[in-house]
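Below, chain A is the first sequence line, B the second, and so on; all start at residue 1. Fair warning: this is a prediction, and the values are worked out from it, not measured in the lab.
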Number of protein chains: 2
Amino acid sequence: MEIRTLKTFVAVANLKGFSAAARQLNMVQPAVSRQISELEEELGVSLFWRSTREVRITAAGETLLREATEILAQEERARLLVQRTGTGELGRLRIGFLGSAVQAFLPALVREFSARFPQIQVSLLEMTAGELAEALMAGRLDVSLSRPLPPAMADRFESWDIYSDRLVAFLPDGHALASEPCLPVSALSSHPFVLFQRDGAPDLFDQVVSVCNAAGFSPDILAQPNSMQAVLIAVGSGLGVTLAPACIAQLNTSGCVERPLSDQTVPIPLQLHVRADRAEAATQAFAALVKEELGTIRKIMGAGG
Amino acid sequence: MEIRTLKTFVAVANLKGFSAAARQLNMVQPAVSRQISELEEELGVSLFWRSTREVRITAAGETLLREATEILAQEERARLLVQRTGTGELGRLRIGFLGSAVQAFLPALVREFSARFPQIQVSLLEMTAGELAEALMAGRLDVSLSRPLPPAMADRFESWDIYSDRLVAFLPDGHALASEPCLPVSALSSHPFVLFQRDGAPDLFDQVVSVCNAAGFSPDILAQPNSMQAVLIAVGSGLGVTLAPACIAQLNTSGCVERPLSDQTVPIPLQLHVRADRAEAATQAFAALVKEELGTIRKIMGAGG
DNA sequence: GATAATTATACAGTATCTGTATAAGTGGTG
DNA sequence: CACCACTTATACAGATACTGTATAATTATC
């Protein structure tokens, strides 16, 4: 039972004739006759009672007519859906991101994307940097907005810098150093640190440690919460100080004060990651939109971020 | 897009490999590759991202996988339904009949048929003889239980006698002739007749007229109701007498008395009509059941009819 | 770096399917 | 009653398409 066959069958049934069907299908009557008789043989039933003067469909034929009509409609529907998915009109887009880093611009971006591609179902998945890398690698994400990927992964993905953040210090409200408008890293040497847990963002963790080392001390890390918000709460509670990307000021910083560092400018880029080959149309469209909006995003992040 | 192609596509998608699919389908890997790449070309989309080490389905491919799976399931379903319809396991049976003539045995017959073929949907359609002939000819009925067909139609159908009825007289309750247990036709010569309308049963009408003519008179027909029940009501109301098949005593005869005729024995057969060729399996099964039950039916109709 | 496994391509052979020609059957018509 | 117009079925040749073999190219893995 092939779709080509079903099409000629439906034509014969609807036009009540082999010759008429052949004309409509731009073929020749014997070809139609053969297709139908082979279909009958395959199914083991008569589909039409034919004389030279009339072609009457059998009960089995009527059953097949109903089914075949549905199958053909579904084939047409499938073709449409597949093509739309191929062009990116239809589909899904799974965006993974670092919450605090994108909070200022992602909502507007997604809104714009959804307006342009209303048929695409967008999933927003907040994760840590480590989770993002793993999900991206496993194909559970289409794009990721996160920090630079580990070198082992980098060649499988295309990455674009979106904006660069920098490390700043967060201190408890009434902290001794809070009176300074600006601090050298070394000023923190004797204070206990709270750092985001290393598993969640190994690069950031190591970067902070190496900044401290460069300033001549090794940080005394007394806690490693599993979220940036928890880090800020710990700082706000007076448990310690932290060094973190400035963007986390987007979170609730009550009890904390933020102080820029006077002596380091290690950039912390936020990047867009997309599978190097094999990017779906919807994914490519989103990447294109991000690139289109880079100026706007950088303006936002330079001013308020 | 052919079903054969969809089958190999689904195999590739499920087994995540062209070679594996080829093994499962008992074909060879290049054939699979060609089918897929031609399918991609036809649809204008990539269905898989392939390397020599992995085959990953695209978004469009996932869409097609869903659709193709449904299409294949429906094809399988169609094959099953069509074959069952062909063997008579599944289908419908439209039975046309003369109400009064079959009332005594058709219900039991249909009940038995439905018990043997529970998947067949039986339609019971009461009609006049004229309507039955027309519906049978037009293919709106599968079988008909009615009087002999007009000669022009007879060769297109197979007919079996089920039982033979005879004409009897129906008189109003207090009619002068009602005292006789048995009447010659001629006794009715001076009485007005009520006859079932000729359009509904031309043969019966003509038969009654010719019986009267043979008895030496032409009936004075004062009314031609459109149902046998209406004829009986007219007779019961004292409007006239009628000659009709004995079986109509099955209807409500209040106000009427039935009297056999002493001088005529024209048989009025009830027949089963089935399209000569081109009979569906369900129809043939019903005809076979009727023939099997002929003895029982005749016993019923001889005794109580 | 060799191996084993994968997919893509080229080419030849086979199947299959189409189209032409023709036969056989049937209702309508003069 | 023969003829006509039209139908479907069959036979056969040709063209198309598809399959399978051989081979290349690529890439994890040992």
Sugar-phosphate only, base, or nothing, as touched by R56(B) at under 4.0 Å among non-hydrogen atoms: nothing
Nucleotide nearest Q29(B) (side chain, heavy atoms from C-beta), chosen from dA8(C), dG20(D), dA21(C): dA8(C)
Touch class at under 4.0 angstrom, heavy-atom based, for V55(B) against every strand present: sugar-phosphate
Proximal nucleotide (of dA8(C), dG27(C), dT8(D)) relative to the R156(B) side chain: dG27(C)
Sugar-phosphate only, base, or nothing, as touched by S51(A) at under 4.0 Å among non-hydrogen atoms: sugar-phosphate
Spacing between R4(B) atom CZ and dT19(D) atom P, to the nearest angstrom: 6 Å
Salt bridge (charged side-chain N to carboxylate O under 4.0 Å, His left out) assessment of R4(A) paired with E38(A): CA-CA 13 Å; R4(A) 168 194 294 275; E38(A) 278 175 10; over 6 Å; no
Rounded distance in Å - CG (N26(A)) to P (dT18(C)): 13 Å
Sugar-phosphate, base or nothing in reach of E54(A), heavy atoms under 4.0 Å: nothing
pair E2(A)-E2(B): side-chain heavy atoms closer than 4.5 Å: yes
Pair listing, side chain to side chain donor-acceptor pair (under 3.5 Å) test, anchored in residues 195-206 of chain B, at least two apart: R198(B)-D206(B)
Out of dG20(D), dT27(D), dA9(D), whichever nucleotide has its closest atom nearest the side chain of V28(B): dG20(D)
Nearest-angstrom distance from the residue atom NZ of K16(A) to P of dC6(D): 21 Å
Spacing between K7(B) atom NZ and dC18(D) atom C1', to the nearest angstrom: 17 Å
Closest listed nucleotide, where the reference is the side chain of S19(A) and the choices are dT8(D), dT7(C), dT6(C): dT8(D)
Between dT16(C) (C1') and E2(B) (CD): distance, integer Å: 13 Å
Where A11(B) and Q24(B) come nearest, the two heavy atoms and their spacing: CB-NE2, 4.2 Å
Evaluation steps, salt bridge (charged side-chain N to carboxylate O under 4.0 Å, His left out), between E67(A) and R84(B): CA-CA 14 Å; E67(A) 298 293 319; R84(B) 285 193 187 158; over 6 Å; no
Integer-rounded Å distance: dT6(C) C1' and F48(B) CZ: 15 Å
Residue A31(A), side-chain heavy atoms: nucleotide from dA21(C), dT7(D), dT18(C) that is nearest: dT18(C)
Any Q35(A) side-chain nitrogen or oxygen under 4.0 Å from OP1 or OP2 of dT16(C): no
Side chain of R53(B) - closest among dT29(D), dT7(C), dG20(D): dT29(D)
Nearest-Å distance for atom pair CG/C1', residues L39(B) and dA17(D): 16 Å
Contact under 4.0 Å: R34(A) side-chain N or O vs dA9(D) OP1/OP2: no
Atom pair distance, as rounded to whole Å: CH2 in W49(B) and C1' in dT6(C): 19 Å
Closest non-hydrogen atom pair between Q35(A) and T5(A), with its separation: OE1-CA, 3.5 Å
dT26(D) base / T52(B) side chain donor-acceptor hit below 3.5 Å: yes
